[in-house]
Amino acid sequence: MSTFDDDIEFDFFDEPETVEATQRGRRIPRLELPGGRGGGGPRRPPMRVVPLARLVGLIAIAIAVVLGLVFWVDSCQGKSKHDEYASYVTKVRTIANGSSTLGKELASKLISPGLKQADLRTSLAQYAQQEQQAYDEAQQIRAPGPLRDIHHRLVDALELRAKGLAGLADVASQEAGRKNAPAAASKLTAQAQLLTASDVVWEELYRKPAKQQLSSQGVTGVVVPGSRFVSNPDLVSARSFGLLLQRLQGASTGGTPSGKHGDALVSVRALPQGVDLSTTTPVTVKVSAELSFTATVEDSGNFQEVNVPVTLTIDAGAPKPIVRRKAIQLVQPGKRATVTFSNFDLPNSAFGAKATVKVDVGAVAGEIITSNNSATYSVYFTLSGP
């Protein structure tokens, strides 16, 4: 074999081996992450885990912010609702108190001594005008949504009062000087029934439903006011108006009232013991913080009596006796009324020795017999047991 042939054979077999070795030499070496078997530092998490954790954190923060806003809005809405109802009730309370005060003024006028027909007519007209103004003001109040229909009942109650007072003023003017007192009393009573009805409307159709509505709305600390115009229904009865007309006729003519007038002291009782005092035998009275004396007075005449003064005096050996004064607002002929005296601070000298309790009922206009208007009672005060 020639040398040339050997060279060719050598090149033919060596070429593939050289290419394969070159390819093996070009392979990319395997990388080891830090913290692996070949690394010396801590192993780091994959790069895509960090953005995911941040996203979760941002979502949590967003949820917390949303919840905070929800609670804040709810709190503001609750406060706004409470303030709305409180503002409404404040306006209503002003009208309610004014109307109740007007009712008391009417009652005081009807029983005022020496009342003249002209004075009564003028006062009734003024009261009607004031109540009409309250009615107009109530219509201007804007009630919260759930109370708007109920608020109309408040307006209705004030309308009844305004109409009732205006009707009383008209009847008082029309019947002035007429002799048919029973007919006039009947007309006055019919108008006064509107005043009594107004109290029912206010309480049953306004205050109670409004109170229930506030409760259903979750509004607390807001009190719906009541308003009572007729505190004593007996003052606006047919009997009372008949007697009132009699007094007015007597007052308009002047001079001493005609007919039988008078009052009498019936009894005096010590409470809470419940023992009646006696004018003949000393009575032991147990003293406690609740000690009071109740005097019963009877109208012994044929006419209605008003503002009957009653005085109670306790003489228990102190430098000065204890004196209490009150008045019976109204008592009808043949009927009885009571007045109670309380809040006594007895001196030490009141215990162990006999004391006296005296009650005097003031004489009314036209009263002739006054011997039964007062009485003196002997008592022994002792401390109440436990």
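The model shown is predicted, which means the values in this text are computed figures rather than measured ones.
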With ring centroids as reference points, do Tyr88 and His151 lie under 6.0 angstrom apart? yes

Mind checking whether Phe344 and Phe293 have ring centres under 6.0 Å apart? yes

Between [Y] and [X], is there a side-chain donor-acceptor contact under 3.5 Å, judged purely by atom types and distance?
X	Y	answer
Asp136	Gln132	yes
Tyr135	Glu131	no
Ser198	Arg161	yes
Asp263	Asn373	yes
Thr356	Thr376	no
Ser186	Thr189	no
Asp299	Gln332	no
Thr294	Thr338	no
Gln217	Gln213	yes

Once rounded to the nearest 0.5 Å, what's the spacing between atom CG of Asn372 and atom CD of Glu298? 9.0 Å

Taking everything shown except Gln139 itself, do over 12 heavy atoms lie less than 6.0 Å from its CD? yes

Answer yes or no: are there more than 12 heavy-atom neighbours, outside Arg239 itself, under 6.0 Å from its atom CZ? yes

State, with a plain yes or no, whether a side-chain heavy atom of Leu244 is found less than 4.5 Å away from one of Leu110. yes

Side chains of Ser99 and Leu158: closer than 4.5 Å at any heavy-atom pair?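 Ser99 reaches Leu158 side chain to side chain.
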
Under 4.0 Å between a Lys/Arg side-chain N and an Asp/Glu carboxylate O for Arg269 and Asp276? yes

Could you tell me whether Lys109 and Glu105 make a salt bridge, using a distance below 4.0 angstrom between a side-chain N and a carboxylate O? no

For side-chain hydrogen bond (donor to acceptor under 3.5 Å, both in side chains), just list the numbers for Asp170 and Gln191, CA-CA rounded to whole Å, side-chain angles, deciding distance to a tenth of an Å, and then say yes or no. CA-CA 10 Å; Asp170 291 341; Gln191 297 300 322; over 6 Å; no

